[in-house]
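One-based numbering, in listed order, for ligands and for the atoms of each. FYI, the numbering just counts along the sequence from 1.
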Amino acid sequence: MSSLYAEKIIQISDRCRSCDHCTSVCPSGAIAGKLGEQHYIDHNKCLNCGQCLINCPAEIIKDLSMAEEVKAALANPKKFVIVQTAPSVRVALGEEFGKAPGYNAKGKMFASLRKLGFDKVYDTEFTADLTIMEEGSELINRVFKAVGQPGYETSGPLPQFTSCCPAWVKYAEDNYPKILPHVSSAKSPQQMFGAVAKTYLPQKLNIEPADIFCVSVMPCTAKKYECSRPEMISSGYQDVNAVLTTRELAQLIKEAGIDFDSLPEEAADSFVGQSTGAATIFGATGGVMEAALRTAYELLSGQSLEQIDFKAVRGLSPVREATVSIPIKALGGAVLPVKVAIVTGTKHVASLIEDVLAGRSNYHFIEVMNCPGGCINGGGQPIRRDA
Ligand code: SF4
Ligand code: SF4
């Protein structure tokens, strides 16, 4: 497969001021160098998360940009250029254009993407719903296997880990390959979108998959790495051709001279229907877990799940846990206490993995998001020096 991306998404320039700040935020020990020395990245260990980039006081760490390829596709009349936007982008983009913190710039963002020339403008929320359904159903299969229900013998083991954060997935692959059977097989919302965009959409719009150029706007630099993984070719073509970060989209809008403030509020194009809105919470830590657990709960019990009460795990503050009692219809209403955990920051997951591998874990489902607080603080978000 030809990929538009090289492996080296994140680069430290030779203008490094040797302050050593980046080593403290790197979750994988990928930054080499001591205080007073030029630092560099070991790309074998790097998760492409960009936490070093947004935390570098000198702003000399950069991510590989795809903006020129996107501009070339937009200028090519033979290409049908579509874009998806992740839930965590809209508020951060508004802040880039001087909107009050918390302002949802979704409508103006869709309008600005049309002004930039995208042929179709979509919301990733729809395929986030697909990820939730997939992860929730997979969890049910694993639970049924664990309780000895016939017909589920080939399902994976418990606990199930989430799979939508590419930095976490790479960390698991690099450091704990034995844990991989526990990681959900569901594609992330970005890649679900890419797969549908290059298989279903060409039939619906009567366009060749090769003529579709699929762009993502993400809060995340690791998504640039994810889209170039060799297995992400459901149609025989790279499912997602290019990723723009929130920062890069803001830059494109400014370069094009678009007056963001005066744009009308526009809606996204419809893909195949409505999203549930549950996917909106994907961007914050705990969001994926809660959405997938709600799906599993409804499928297993036929009822809606009330509020989930997460509590910090003592001694592991970035790890929170909860127990949800699920009455399982297929087992005559027998109640199964499902224990779940959410981890914010990949560097905090090692002890949970070691417990799983040693047979000491009693969790059923574990969400891992690499960035502190989740994607809202991803490496592709605007850099705030006042934070
Ligand atoms: Fe470390 Fe993330 Fe920077 Fe890679 S991108 S060097 S994993 S902080
Ligand atoms: Fe990307 Fe979100 Fe994972 Fe950070 S937490 S690496 S922004 S997917």
Side-chain angles (χ1 to χ4, degrees), residues 5-13 16 20-33 39-56 59-64 84-89 91-92 124 127-128 131 161-175 183-184 186-193 216-227 229 240 243-247 279 281-289 318 342-349 367-383:
Y5 282 110
E7 292 274 295
K8 297 174 182 170
I9 303 291
I10 309 289
Q11 301 277 358
I12 300 181
S13 85
C16 172
D20 203 36
H21 185 63
C22 53
T23 53
S24 65
V25 296
C26 178
S28 62
I31 302 182
H39 286 48
Y40 64 91
I41 294 177
D42 178 348
H43 286 99
N44 289 323
K45 290 187 186 170
C46 177
L47 308 179
N48 308 297
C49 69
Q51 284 300 307
C52 50
L53 185 162
I54 56 168
N55 285 290
C56 172
E59 295 185 32
I60 55 84
I61 304 180
K62 302 289 175 206
D63 56 322
L64 194 72
Q84 61 167 318
T85 57
S88 305
V89 171
V91 171
T124 311
T127 49
T131 298
F161 285 80
T162 53
S163 58
C164 53
C165 171
W168 142 242
V169 171
K170 185 170 187 291
Y171 174 85
E173 289 171 330
D174 291 350
N175 298 283
V183 178
S184 167
K187 283 185 167 139
S188 71
Q190 160 171 280
Q191 294 305 141
M192 286 263 189
F193 181 94
S216 305
V217 184
M218 293 284 142
C220 175
T221 48
K223 293 283 173 191
K224 297 186 175 190
Y225 153 78
E226 183 185 50
C227 82
R229 290 183 60 121
V240 174
V243 175
L244 296 172
T245 60
T246 309
R247 284 191 302 275
I281 58 175
F282 247 66
T285 176
V288 183
M289 153 74 62
I342 50 182
V343 184
T344 174
T346 299
K347 64 168 94 170
H348 306 292
V349 76
E367 176 198 292
V368 188
M369 300 294 269
N370 177 78
C371 300
C375 305
I376 49 176
N377 293 316
Q381 295 287 59
I383 295 169

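- Which parts of ligand 1 touch I10 is read off a 4.0 Å heavy-atom cut-off, strictly below it: atoms 5 (S).
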CA sep, side-chain torsions, deciding dist, call: T245, K224, side-chain contact (heavy atoms from CB on, under 4.5 Å)
CA-CA 9 Å; T245 60; K224 297 186 175 190; 3.8 Å; yes
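- Residue C52 touches ligand 1 through backbone and side chain together, judged by heavy-atom distances below 4.0 Å.
- For atom 2 (Fe) of ligand 2, the closest non-hydrogen atom of the protein is C375 SG, 2.4 Å.
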Pair I54, Q381 - check side-chain contact (heavy atoms from CB on, under 4.5 Å), show working.
CA-CA 8 Å; I54 56 168; Q381 295 287 59; 5.6 Å; no
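- Under a 4.0 Å criterion applied to the non-hydrogen atoms of S28, ligand 1 contributes the atoms 7 (S).
- Residue C26 approaches ligand 1 through these ligand atoms, each under 4.0 Å from one of its heavy atoms: 1 (Fe), 6 (S), 7 (S), 8 (S).
- With ligand atoms numbered from 1 in the order given, ligand 1 contributes 6 (S) to contacts under 4.0 Å with heavy atoms of I31.
- Of all protein heavy atoms, the one lying nearest to atom 4 (Fe) of ligand 2 is C371 SG, 2.3 Å.
- Residue G50 approaches ligand 1 through these ligand atoms, each under 4.0 Å from one of its heavy atoms: 2 (Fe), 5 (S).
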Could you check M218 against T124 for side-chain contact (heavy atoms from CB on, under 4.5 Å), going step by step and ending with a plain yes or no?
CA-CA 10 Å; M218 293 284 142; T124 311; 4.0 Å; yes
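- If you check which protein heavy atom lies closest to atom 1 (Fe) of ligand 2, you get C220 SG, 2.3 Å.
- Here the SG atom belonging to C22 is positioned 11.5 Å from the CD1 atom belonging to I10, to the nearest 0.5 angstrom.
- Not one N/O/S atom of C49, from backbone or side chain, sits under 2.8 Å from atom 4 (Fe) of ligand 1.
- From the protein, the heavy atom lying nearest to atom 3 (Fe) of ligand 2 is C165 SG, 2.3 Å.
- Assignment of P166 to the shell around ligand 2 is supported, since a heavy atom sits closer than 4.0 Å.
- Of the possible polar contacts, none joining the S216 side chain to the Q84 backbone as a donor-acceptor pair under 3.5 Å is found.
- The minimum heavy-atom distance linking I60 with C16 is given by the pair CD1-CA, 3.7 Å.
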